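Since the structure comes first, as structure tokens, the remarks are kept for the end.
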Amino acid sequence: MEQRKNSERADAAAAYALNAMSDTERADFEQLLATDEALAQDVQQLSEGAAVLGYAATEQPPAQLKRNVLDAIRDLPQQPAADPTSPTSAAQEPAIGPETAMTPAPTSGPVREERVATEPVPRARRGRTAFALAAATLLVAALGLGGILVAEHRQGNELREQLNAAQNEAQGLRSLLQAPDLRTVQARTSDGATVTLAYSSASGLMSVSGEQLPKAPEGHGYELWLIGDSGATPAGMLASGEVSLVEGSMEGVTHLGITVEPAGGSPQPTTDPILVQEL
Amino acid sequence: MLMYMEESETEQRSAALDATPEELLTRTAQGDGAAFEALYDAVSPMVYGVARRILVDPELASDVAQEVFVELWQHAARYDRTRGSALPWIATIAHRRAVDRVRSANASRNRDLREGIRDYQVSHDDVEDLAIVHADAQRARQALETLPDAQRQAISLAYYEGLTQHEVAERLGVPLGTVKTRIRDGLKRLRNGMGVA
């Protein structure tokens, strides 16, 4: 009996670590987890196993992502470790993943209290030293030749990334031009600018030329949308004066749309389209 | 650990890159932007890779990856070093966020829409993969390959497709209890396979 119960606990810990529970199962399990230190340790160990699948999925992100992330966090305030009043932790994220996975919830007994009461102090102290060191390092880098080298290195990275992107795009355009079902359309935006589309459903490729588009308003850009019966799917940004290559299955896609969105794009259109072209 | 290094890095930059993800996360919690950037460089291939594997659509994946990094920046202080390494912690956040997204109807439609491209892009991705493969990813892939087929199948369906254990059982046509056992044994084996002490 006891053995069976243990094995059930271990099964549940594994399913939780793999994030393979339904919402209700997860909620039940987290209640258990909050008061069971041994179970929390099991979960932590099994999470290391689950993370192996994450490492195995490693893939180089697009260069744009880093710029977007750094832009997004600039001036964004940080939250303290345990802040139950924080709207983010309370409302938007009922299960803040690893927080609940690795640490008992605030309802737990002495362990949690100890963590809250004593740990932030040494950590903050360590942090201040680290911050001071980091600040000093940055100062040296900014004042000396180091700064220039960093800048040049970054520029080199960016150039390499741009080159890769350009090569990929050229390859896509070549495939597009060779597609047997290539079609081209000249469409006009509501402002009267011409946008040229070339697309092939068979190869799932479309080039959109924004060469005549005026510059988008400050902090904004043109976002492309593939539109079908069930709505609009983001298809990347189109810079004024440039050509964008959209890759993706065009099955069920009936129209291409363009809207003006905040730079970096929106998951759903937030303004009226300046162009909707039937394909 | 998951680090990319260039020989031409300046010493200052290398010092940041040499720091462990745990140190970078702790410094990030103190508002250290340089540490956060180094952390991004170190773990973004994993965060983005998890999202991309689950959501397929590169733009959705970027979107989720950005959400994860914003969360890391805002909530870095929640990371508790005494409770394990930083990478599994970050991987769990990335997986949660990607699965949250894929379980919403919109994303699964998107996923279907984009399934085609993945096939189309296969050869290109292979080349890119070769260029970025590093010790950890390679070791992880090997660990995954050495799992017994039944365990790998159950775990991969759950992790990479965001299925619950019930859905995995349904998909495989095996009893739920069997899936639970496979997941548990598989995760233990994976952890040991990576030589985690």
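Convention: sequence-line order gives letters A, B, ...; per-chain numbering from 1. Only a predicted model underlies this, so the values are computations on that prediction, with no experimental measurement involved.
Under the 4.5 Å side-chain criterion, counting only non-hydrogen atoms from C-beta, Ser62(B) is not in contact with Pro61(A). Residues Pro62(A) and Tyr48(B) meet the side-chain proximity criterion, which asks for heavy atoms closer than 4.5 Å. Leu53(A) has its side chain within reach of Leu190(B): a pair of non-hydrogen atoms, C-beta onward, lies under 4.5 Å apart. Counting heavy atoms from C-beta outward, Trp73(B) and Pro77(A) have side chains that stay 4.5 Å or more apart. Within the 4.5 Å cutoff, side-chain heavy atoms of Gln66(B) are placed close to those of Leu65(A).
Residue Leu70(A) touches chain B through its side chain alone, counting heavy-atom pairs closer than 4.5 Å. Contacts of Gln45(A) with chain B are made by both backbone and side-chain atoms, with heavy-atom separations under 4.5 Å. Both the backbone and the side chain of Ile155(B) come within contact range of chain A, with heavy atoms under 4.5 Å apart. The contact between Val99(B) and chain A is made entirely by side chain atoms (from C-beta outward), counting heavy-atom distances below 4.5 Å.
For Arg83(B) and Glu37(A), the salt-bridge test passes: some basic side-chain N is under 4.0 Å from an acidic carboxylate O. Salt bridge annotation for Lys180(B)-Glu8(A): absent, with no cationic side-chain nitrogen under 4.0 angstrom from a carboxylate oxygen.
Residues Ala14(A) and Leu187(B) approach most closely at O-CD1, 3.5 Å, considering heavy atoms. Heavy atoms only, all atoms of each residue included: Pro45(B) and Gln60(A) are closest at CG-OE1, 3.9 Å.
Note that the CG atom of Leu224(A) and the CD atom of Glu59(B) stand 8.5 Å from one another [nearest 0.5 Å]. Here the CD atom belonging to Gln165(B) is positioned 11.0 Å from the CG atom belonging to Asn19(A), to the nearest 0.5 angstrom. Atom-to-atom distance recorded for Asp57(B):CG and Thr233(A):OG1 is 8.0 Å, nearest 0.5 angstrom. The structure places CZ of Arg184(B) at 14.0 Å from CG of Leu18(A), a figure rounded to the nearest 0.5 Å. Going from atom CD of Gln44(A) over to atom OG of Ser85(B) covers 7.5 Å, rounded to the nearest 0.5 Å. Once rounded to the nearest 0.5 Å, the distance linking OG of Ser47(A) with CG of Leu87(B) reads 13.0 Å.
Heavy-atom pairs under 4.5 Å with chain A peak, among Arg189(B), Glu167(B), His166(B), Glu67(B), at His166(B). Put simply, of Ala158(B), Ala51(B), Ser44(B), the one with the most heavy-atom pairs under 4.5 Å next to chain A is Ser44(B). Highest contact tally toward chain B, considering only Ala12(A), Ala17(A), Ala13(A), Ala50(A), is held by Ala50(A) [criterion: heavy-atom pairs under 4.5 Å]. Top candidate by heavy-atom pairs under 4.5 Å with chain B, chosen from Ile73(A), Val69(A), Asn68(A), is Ile73(A).
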Show your working on side chain to side chain contact (heavy atoms under 4.5 Å, CB included) between Leu46(A) and Lys188(B) and close with a plain yes or no.
CA-CA 6 Å; Leu46(A) 289 161; Lys188(B) 278 189 187 157; 4.0 Å; yes
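Counting only distance, with no hydrogens or angles, the side chain of Tyr40(B) and the backbone of Lys66(A) share a donor-acceptor pair below 3.5 Å. Between the Arg141(B) side chain and the Ala56(A) main chain, a donor and an acceptor come within less than 3.5 Å of each other.
Annotation: cation-pi pair Arg96(B)/Tyr16(A) present, NZ/CZ under 6.0 Å from the ring centroid and within 45° of its normal.
Counted by atom type alone, Gln78(A) and His75(B) present zero donor-acceptor pairs between their side chains at under 3.5 Å.
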